[in-house]
Amino acid sequence: MKYRPTEEDWMSFLYGECDEQTQERMEQYLREHPEEHQRLRDWQQTRRMLAAVGDKEVIAPSILPAQEGSFIRQLWQSSFTRSAIGIAAGLLVVMVSARLTGTMVNYSNGELKISFGGQASQPVQQESLTARQVQDLIDASLSANNKVVNASLANNREELERSIRQNMGNSSAKMNEAIRTIAGASQEQVQTFVSSLREENLKAMQNYMKLTSAEQNKYVEGLLVDFSKYLQEQRQGDLRMFQARINSVEKNTDQIKQETEQILAGMISNTSGRRQTTY
Amino acid sequence: MHTDALVLRAQTGDAHAQGRLMQLWYRRIYNFSYKFFFDHDQAMEATQKTFIAMFRNLVQLQEPARFKSWLYTIAVNCCREELRKRKASRSLSLDELTGSEGEHSGAWQQSDRRHDNPDRVLQQDELSDLLQTCLQELSEEQRVVVIMKEYEGLKFREIAEALGTSENTVKSRLYYGLDTLKKILERKNITKATIGYEI
């Protein structure tokens, strides 16, 4: 059977990594088939061209890696250790928070009881009242309340009456004292009092009239002064207006005079021109 | 220090060994990601995620000898995740808008290429960009295998381990990947003669 190299044989031979037997077979095959040398030459040519691609320069980082291999670090980084530490930390947080909040958990008689801030108190079961008992309790309470209210009202009324009586007594005593004083005064004293009142009234009237007349004089004087000032300003204004009118009339007169002179001059010049033409 | 020893020390939590591991492999993983995406930002994102995942899961690595394929497994997964995110977001990176890294970047300042002939550097960059554009036209499976084999120098066994598949599948993907690349290069008329570059 004729040997025909496989793809693997070709590559092993090309890179010099084939065993002795394959090497001999390949060499024999190439001797018998010189045209197959071209295939080898093509690959070698391709390889030589590929060899033109050199290495890129690169700087390796100078950092030293951490000691990944240490047992303690690996232990800490294992997922089991992390999970266990996580569960333990969670339990610790729960226990501390339960201690701080005074949480109590009891299980008895098939009941689970959770309480915060101390032992949960057992609620006291009380017997319920009938409607009649409730009505009696309400009535008793209302009657007791009415008694208290009535007593309070009577007490307030007595105090109010006593206060009114006391005030009325004080007022009547003062009025009696005043009446006694008035009744004790003599006729002369009354006349003296009336005359003094008249004199005081007269003096007040005189003062008032004096003050009033002085103010009126002052007002009239001010009025006269203001009126004279007004008249003066009015006069000056009229004078200025007259002056302006007179100036305007003079101006118009001068203008008319000039126009008349021009017209006359024109007429004279025309007349003399006609005479010269006639001669 | 050998990678295996570094891995053993890093597994015990030795920060210095972990930092040294990153320094050793950062450039390789970045360049793998860069060729996968042909985009600096996405490559950086995928690289950082790769190393974060590496440090997180290093303890679980049973055989330090398989560190290389194990690291590339993480890198491929991060790149695929980033690719899904890019397809979902439909966003453009700055590199796509402004071009690749400029001369002002830190990487350029540290690079020896800045002392080369500017014309030659420009020519190489253009060729590199052209070829990486061709790489992007491959399917994701073929692209990963081609990058791992051609640029990362992984053996077929290591690639198979990294991708969680058989060696034959890897070889098959590479076979078709190289064939497709050859056709793409021909279609784009990219040859030694046309680019004037001495391969």
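Below, each value reflects all heavy atoms present in this structure, side chains not excepted, and no hydrogens, waters or symmetry copies. Within every chain, numbering begins at 1; the chains are lettered A, B, ... in the order of the sequence lines, protein sequences first and strands thereafter.
Contacts of B:K155 with chain A are made by both backbone and side-chain atoms, with heavy-atom separations under 4.5 Å. At a 4.5 Å heavy-atom cutoff, the contact between B:V146 and chain A is made by side-chain atoms alone. Both the backbone and the side chain of A:S12 come within less than 4.5 Å of a heavy atom of chain B. Proximity to chain A (any heavy atom under 4.5 Å) is restricted, for B:L185, to the side chain, taken from C-beta onward. Proximity to chain A is limited to the side chain of B:Y151, based on heavy atoms less than 4.5 angstrom apart.
Between chain A and the residues B:T169, B:T47, B:D179, the most heavy-atom pairs under 4.5 angstrom are made by B:D179. No other option in B:Q48, B:E150, B:R27, B:Q132 has as many heavy-atom pairs under 4.5 Å with chain A as B:E150.
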Please walk me through it: do B:Q142 and B:Y176 pass side chain to side chain donor-acceptor pair (under 3.5 Å)? CA-CA 8 Å; B:Q142 290 176 1; B:Y176 290 109; over 6 Å; no
Give the C-alpha distance, both sets of side-chain angles, the deciding distance and a yes or no for salt bridge (Lys or Arg N to Asp or Glu O under 4.0 Å) between B:D39 and B:R86. CA-CA 11 Å; B:D39 180 274; B:R86 182 174 66 170; 5.7 Å; no
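Although no hydrogens or angles enter the test, the distance criterion places no donor-acceptor pair under 3.5 Å between the side chain of B:K182 and the main chain of A:D42.
Distance check, rounded to the nearest 0.5 Å: CG of B:L174 to CD of A:E7 gives 11.0 Å.
For B:W25 and B:F51, the gap between ring centers reaches or exceeds 6.0 Å.
Checked for salt-bridge contact, B:E167 and B:R157 miss the test: no charged N lies under 4.0 Å from a carboxylate O.
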